[in-house]
Protein chains: 2
Amino acid sequence: MTGNSRFAVSVHVLAYLAYKAGEQVTSAEIASSVSTNPVVIRRLLSALVKARLVLGHKGVGGGFGLASAPANITLLDIYRAVEPQPDHGLDRFAPNHKCPVGARIETILRTAFFKAQTSMEAELARVSLEDVNQQLKAVCPGKH
Amino acid sequence: MTGNSRFAVSVHVLAYLAYKAGEQVTSAEIASSVSTNPVVIRRLLSALVKARLVLGHKGVGGGFGLASAPANITLLDIYRAVEPQPDHGLDRFAPNHKCPVGARIETILRTAFFKAQTSMEAELARVSLEDVNQQLKAVCPGKH
DNA sequence: CCATATCGTAACAATAGTGGTTACATAAAC
DNA sequence: GTTTATGTAACCACTATTGTTACGATATGG
């Protein structure tokens, strides 16, 4: 096991909402698609609502729906909504500042990690929920 | 806390070996620079030796040294030596294949994660230990 | 050959993150 | 007011990470 599945599940959830655009979808229905417990879904949706990607409604006939058009929601938006700012282990990292290497390495690492992270996020920003939805609905190549 | 500090500490370790190039450096000395236990350092070095980035020698006068010139070791080499292949949570991810979204989302996620990962790794590959060592030895800007 | 320094690695505990589950309060619809 | 659904707290089981002790294996230098 490496890390968590919040981002993967969240993309699934939002893809499901895009797929069912216009409907109110319950956490139970989404949980069935993801194969997990509705509470796990609601926990993620709670973060997605706070990030204004999703609107939730209580009560009879309630459920969740996208807050914007799928074209306006990218994988980066989802990533930032459900993942904490990654620190790449630098919080547990307290080197000996009396050593010339220990005194300077942290700044060098921060710079390198920031560039790597920025590059990864740019790639996530290139994919929108509309792209995902189109792939979901695409016919299998070679069929018919 | 997010994830582990293996990569950050490993870069520190190899930067230290580059800084002390030509010498045999003990795990105890490195541990002092990192502010941790020598066994933690030896565990990481074990992976770095297996990846052929470092050579180790037992016994009196033993220790560790770089296996190649710093210019030939990149942060990506270090990353791959000490981090498992990231799966971004897809191992714990077993959606309901009876749902049209659940049946197709995993492939879409794999593609997106692969692109993001590749982009991040390309950025890590742009930095060599020689670059790190030059930054370590650089004078503060504005001084003299 | 023996004492010493050093690595290599197993074993264990403490801590923390993750995901699943139950429970229950809150709110909206009819 | 009954029903449906969210919102969230609390708890458990599981796993990863780090620090630590312990000890065997190996190389060096007398």
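Sequence lines set the chain letters: A, B, ... in the order given, protein chains first and strands last, and positions in each chain run from 1.
In terms of position on DNA chain D, the residue among Arg42(B) and Gly59(B) whose nearest nucleotide sits closer to the 5' end is Arg42(B). Comparing Gly56(B) and His57(A) against DNA chain C, the residue whose closest nucleotide sits nearer the 5' end is Gly56(B). Between Val40(A) and Ser46(B), the residue anchored nearer the 5' end of DNA chain C, judged by the nucleotide with its closest heavy atom, is Ser46(B).
Just one residue in the list Leu53(A), Val13(A), Leu124(A) forms a side chain to side chain contact (heavy atoms under 4.5 Å, CB included) with Ile78(A), and that residue is Leu53(A).
Between Asn37(B) atom CG and dT9(C) atom P there is a gap of 16 Å when expressed in whole angstrom units. The CG-P distance, from Leu45(A) to dA5(D), rounds to 15 Å in whole Å. In this structure, Asn4(A) places its CG atom 7 Å from C1' of dT18(C), rounding to the nearest Å. Between the CD atom of Glu83(B) and the P atom of dA16(D) there is a distance of 13 Å, rounded to whole Å. Computed from coordinates, the Phe64(A) CZ to dA28(C) P distance equals 14 Å when rounded to whole Å. Atom CD in Glu29(B) sits about 10 Å away from atom P in dC7(C), given to the nearest Å. Atoms CG (Leu44(B)) and P (dT17(D)) sit 11 Å apart, rounded to a whole Å. The nearest whole Å value for the distance from the CD1 atom in Ile41(A) to the P atom in dT21(C) is 12 Å.
The CG atom of Leu17(A) sits 10.0 Å away from the NE2 atom of His12(A) when rounded to the nearest 0.5 Å. Atom CG of residue Leu14(B) and atom OG1 of residue Thr74(B) lie 10.5 Å apart, to the nearest 0.5 angstrom.
Side chains of Ser5(A) and Arg92(B): no donor on one and acceptor on the other come within 3.5 Å. Side-chain atoms of Glu121(B) and Gln117(B) include a donor-acceptor pair closer than 3.5 Å.
In this structure, the nucleotide among dT20(D), dT18(D), dA5(D) sitting nearest to the side chain of Thr26(A) is dA5(D). When distances are taken from the side chain of Arg6(A) to each of dT17(D), dT18(C), dC7(C), the shortest belongs to dT18(C). Closest to the side chain of Ser27(B), from the set dG7(D), dC7(C), dT17(D), is dC7(C). Distances were taken from every side-chain heavy atom of Val39(B) (C-beta onward) to each of dA10(C), dG19(C), dT18(D); the shortest belongs to dA10(C). Comparing dG7(D), dT6(C), dT9(C) by their closest approach to the side chain of Lys58(A) singles out dG7(D).
Checked by distance alone, Arg43(B) brings a side-chain donor or acceptor within 3.5 Å of a matching partner on the base of dT20(D).
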